[in-house]
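The block underneath contains the structure these notes are about, expressed in structure tokens.
Atom set for the values below is all heavy atoms of this structure, side chains included, hydrogens, waters and symmetry mates excluded.
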Amino acid sequence: MSLDLGEVRAQFPALAGDTVFFDNAGGSQVPARVAQRVADYLLQTNVQLGASYARSVQSGERVAEANRSLARLVNASDPKEIVVGASTTQLLFNLAQSIGRTLRPGDRIVVTNADHAANIGPWRSLERAGIHVDVWKIDRSSLRLELDALGKLMGARTRLVCFTHVSNVLGTIHPAAAIARYVHERGA
């Protein structure tokens with residue numbers, strides 16, 4: 001079974017013209033049916049969630065179905081693992097501020113130089129509270145995050161290692177499960 005690129009491109013109205021898009025995820029084009037579903041939600045059921053009146057219940061069910069669909073897409077074990085927000089930068093900033101409340105001056109966080117600013121800036125904002133941020137640099141020859149380099153950064157006060165599965169900067173697919181095991185084995 002081969003992928004029909006013409007059929008795929010036809011789903012994205014913005015790709016019908018002569019413009020070439022080199023944007024990353026924050027500026028990605030969407031299929032027409034996605035835009036139509038968003039427009040329908042905003043025009044028909046965009047109300048306060050969690051209320052008991054019919055439109056709010058309907059809106060809540062639509063959001064819940066979207067979370068179930070996203071959970072299936074990424075193979076999450078539970079739709080409650082799915083969080084949707086305005087942008088990755090904002091979501092990570094919210095997460096960093098929440099986690100930051102559990103950290104103490106002198107604690108350490110590791111970020112990479114292979115990530116988008118969305119996964120670096122929010123963690124760096126914790127430096128104001130005395131949290132030290134170390135940078136795990138990619139190996140210049142392999143363009144990969146190497147565990148031996150991470151091991152040199154991690155210490156007793158390392159609480160968190162922040163990295164993305166796929167670098168939008170390089171396109172490198174990082175071995176997320178192996179990295180997570182390595183980090184957890186060292187207490188972060």
Discussion item. Quick check: closest heavy atoms across P13 and V30, and the distance to 0.1 Å?
Written reply: CD-O, 4.0 Å
Discussion item. Which heavy atom of R55 sits nearest to which heavy atom of Q44, and what is that distance?
Written reply: NH1-O, 2.5 Å
Working to the nearest 0.5 Å, report the span between [atom1] of [X] and [atom2] of [Y].
X: L95; Y: C162; atom1: CG; atom2: SG; result: 8.0 Å
X: F163; Y: H174; atom1: CZ; atom2: NE2; result: 8.0 Å
X: R68; Y: D78; atom1: CZ; atom2: CG; result: 11.0 Å
X: I109; Y: R157; atom1: CD1; atom2: CZ; result: 12.0 Å
X: R144; Y: D139; atom1: CZ; atom2: CG; result: 10.0 Å
X: R159; Y: M154; atom1: CZ; atom2: CE; result: 10.0 Å

Give a yes or no on whether the backbone of [Y] and the side-chain of [X] come within a donor-acceptor separation of less than 3.5 Å.
X: D107; Y: R104; result: yes
X: S98; Y: N94; result: yes
X: Y41; Y: N46; result: no
X: R33; Y: Q11; result: no
X: S56; Y: Y53; result: no

Practice prompt. Please determine, by modelled atom types, if T45 and R62 share a side-chain donor-acceptor pair under 3.5 angstrom.
Written response: yes
Item to complete: Would you kindly say whether R72 and S69 are connected by a side-chain donor-acceptor distance under 3.5 Å?
Response: yes
Same apolar cluster (I L V M F W Y, side chains within < 4.5 Å links), [X]/[Y]:
X: L150; Y: I173; value: no
X: V135; Y: L160; value: yes
X: L92; Y: V133; value: yes
X: I179; Y: L153; value: yes
X: L103; Y: F93; value: no

Worksheet entry | Chi angles and distances behind the side chain to side chain contact (heavy atoms under 4.5 Å, CB included) call for T172, V166 | CA-CA 6 Å; T172 305; V166 180; over 6 Å; no
Side-chain donor-acceptor pairs under 3.5 Å in residues 79-89, sequence neighbours left out?
from	atom 1	to	atom 2	distance (Å)
E81	OE1	S77	N	3.4
E81	OE2	S77	OG	2.5
S87	OG	Q90	N	3.0

Worksheet entry | Residue R9 excluded, over 12 heavy atoms near CZ under 6.0 Å | no
Item to complete: Count the heavy atoms belonging to other residues, nucleotides or ligands that lie under 6.0 Å from CG of L143, then report whether that count exceeds 12.
Response: yes
Item to complete: Please report the C-alpha distance between V111 and W136 in whole Å, then the side-chain angles of each, then the deciding distance to 0.1 Å, and finally whether the side chain to side chain contact (heavy atoms under 4.5 Å, CB included) criterion is met.
Response: CA-CA 6 Å; V111 299; W136 180 16; over 6 Å; no
For residues 120-127, which side-chain N or O atoms pair as donor and acceptor with protein atoms under 3.5 Å away, sequence neighbours left out?
from	atom 1	to	atom 2	distance (Å)
W123	NE1	N119	OD1	3.1
R124	NH1	E127	OE2	2.9
S125	OG	Q97	NE2	3.1
S125	OG	P122	O	2.5

Practice prompt. Verify side chain to side chain contact (heavy atoms under 4.5 Å, CB included) between I138 and N113, making sure each step is shown before the conclusion.
Written response: CA-CA 7 Å; I138 60 163; N113 68 343; 3.7 Å; yes
